[in-house]
Protein chains: 4
Amino acid sequence: MAGSINEATLLGNLGKDPDVRKTQEGKEIVTLSVATSESWRDKSTGERKERVEWHRVVIFNDALAGIARDFLRKGSKVYLRGQLQSRKWVDQSGQEKYATEIILQGFNSVLVLLDPKREEASRPVSETGTSQSAGDNDDLDSIPF
Amino acid sequence: MAGSINEATLLGNLGKDPDVRKTQEGKEIVTLSVATSESWRDKSTGERKERVEWHRVVIFNDALAGIARDFLRKGSKVYLRGQLQSRKWVDQSGQEKYATEIILQGFNSVLVLLDPKREEASRPVSETGTSQSAGDNDDLDSIPF
Amino acid sequence: MAGSINEATLLGNLGKDPDVRKTQEGKEIVTLSVATSESWRDKSTGERKERVEWHRVVIFNDALAGIARDFLRKGSKVYLRGQLQSRKWVDQSGQEKYATEIILQGFNSVLVLLDPKREEASRPVSETGTSQSAGDNDDLDSIPF
Amino acid sequence: MAGSINEATLLGNLGKDPDVRKTQEGKEIVTLSVATSESWRDKSTGERKERVEWHRVVIFNDALAGIARDFLRKGSKVYLRGQLQSRKWVDQSGQEKYATEIILQGFNSVLVLLDPKREEASRPVSETGTSQSAGDNDDLDSIPF
DNA sequence: TTTT
DNA sequence: TTTT
């Protein structure tokens, strides 16, 4: 409505469990690592090629964050739409870093779970445990908020 | 068609003239710097806020690259759709850099010019000159290809 | 969020002035007739072809309805997104009729004006007059609400 | 690229098996009946409401038609994008009819299967049988091509 | 790091 | 007519 459009739309799979953090005010923020892939046949060699792209998705919208936390897991298929937003910061070694994320925040945000319904899907996540991710993905994890 | 979707859609304005480069094979690649903005009223203070986001758009599709080169200029309004793609590289000082771009390459790419028709719009750009931009937006310029 | 997506996105021009109606409760509903066109070269004959498609757009969202009423006119270029919705009714002669419309209602709706800024654009429409359209596009006009 | 955009995007389920027809030239055209639904809580009564919308999707693109014919079935979940196109015709009783369809034809078309992989999914449909639908959906079926 |  |  502001005269411009900024949207990123993904249909892909989670590379790991959602990462759940809490702000100092107690608001939950959920971060996803989503893979999309495209494949094509190389015109010259004829071989099948695949390119995988990893996207960092940050969910500020409370309702969507809760859904993501409770129902998405490593491997889950998801459809989502948010805004592109870039952040710049200086890391511990004084180097300037830059990251682009897909932010699900306002009303235009979309998150649709595409996993087939399983019984477990409706069980809420226990308060303790579950959302600590395995510690992999250090590069993305190290991005300050 | 590969079972995933990776799309970024922008409706915004160019921050500077398109940047036109040629690969060693003579293929033209056009890079755009596109601004989108969103504005909202701060709930606590009530003041009007605006956030501008800059996007780097790289056009590999020949037809769209030609249109961009010939008809887009600093300030032009454009609607476009492409794929998100991230690149990592090591800069001169040995530091690892990372950039996310919107790539217009395949069939799903879209580029629509939204400027009102002017006489000049149909005049092709001269081979010499034109695409040196004013030197603003330095951060994006410094990203190597 | 209900597990499904239903969206229509248009970038096109108004074929006539917006049509403004009021419900019995006094709520304004604005209807647009929007043209999109595609052109292609016929593979067999080589001639240039064009196909124009007319879309009926109904705006229930108050904010967007107000913008449409005040700033859109015959010929205006607009970008919008809404939901597809079909209606069936029986006309005066007892025949069953069917129409599909694009509804701008909820939070996911988008309406962006793409006309260049003119002074007149900011002048509100007078209460009397203005929204009688030229009488073209009769087919769409005859659809009852 | 023609200066306008006309897109419909659905994420929904098939209400019946795909309908496969052949043109006189032997080209296969596949028609889908896709449901999307939205649900909301009525503000005044507080009850849960649901609205289901049925969409007619016609696939002219050969590759996508083949995928739809082989892998989609009643109940399948699918993500797709095509163009809105309306047709008018006179039925047997001389009445003028009107229908809006989502056409998957050109390069911008998208079709993604969202069913979990089953063994059967990769088995091609036998030449005989399978695609005769139950004869329900008479209204849509009766639309001439 | 996912999925096909 | 689907699905949740």
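Throughout, protein chains are lettered first and strands after them, A, B, ... in sequence-line order, and every chain is numbered starting at 1.
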Could you check which of F:dT1, E:dT1, F:dT2 has an atom nearest any side-chain atom of D:Lys16? F:dT1
D:Leu114 CG to F:dT3 P, in whole Å, measures 15 Å
Can you tell whether the side chains of D:Arg48 and D:Glu50 come within less than 4.0 Å, N to carboxylate O? no
Testing E:dT2, E:dT1, F:dT3 for proximity to the side chain of A:Ala35, the answer is E:dT2
Atom CG of A:Leu14 and atom P of E:dT4 are separated, to the nearest Å, by 14 Å
Between the side chains of D:Arg87 and D:Glu101, is the shortest nitrogen-to-carboxylate-oxygen separation below 4.0 Å, so that they form an ion pair? yes
Spacing between D:His55 atom NE2 and F:dT2 atom P, to the nearest angstrom: 15 Å
Euclidean distance, atom CZ of residue D:Arg56 to atom C1' of F:dT1 [Å, nearest integer]: 14 Å
A:Val52 near the nucleic acid: base, sugar-phosphate alone, or nothing, with a heavy-atom cut-off under 4.0 Å? base
With a 4.0 Å cut-off, would you call D:Glu7 and C:Arg81 a salt bridge? no
Strictly by modelled atom types, are A:Asp115 and A:Ser76 linked by a side-chain donor-acceptor pair under 3.5 Å? yes
A:Lys49 NZ to E:dT4 P, straight-line distance once rounded to whole Å: 23 Å
From F:dT3, F:dT1, E:dT1, pick the nucleotide closest to the side chain of D:Trp54? F:dT1
From the list F:dT2, F:dT4, E:dT2, which nucleotide is the closest neighbour of the side chain of D:Glu50? F:dT4
Length of the line joining A:Arg73:CZ and E:dT2:P, which is rounded to integer Å: 16 Å
Whole angstroms only, please: what is the CG-P distance between A:Leu113 and E:dT2? 20 Å
Pair D:His55, D:Thr36: side-chain N/O donor-acceptor within cut-off below 3.5 Å: yes
Side-chain donor/acceptor contact of A:Ser33 with base of E:dT1 under 3.5 Å: yes
From C-beta outward on D:Asn13, which listed nucleotide comes closest to its side chain: F:dT1, F:dT3, E:dT2? F:dT3
What is the distance, rounded to the nearest whole Å, between atom NZ of A:Lys77 and atom C1' of E:dT3? 6 Å
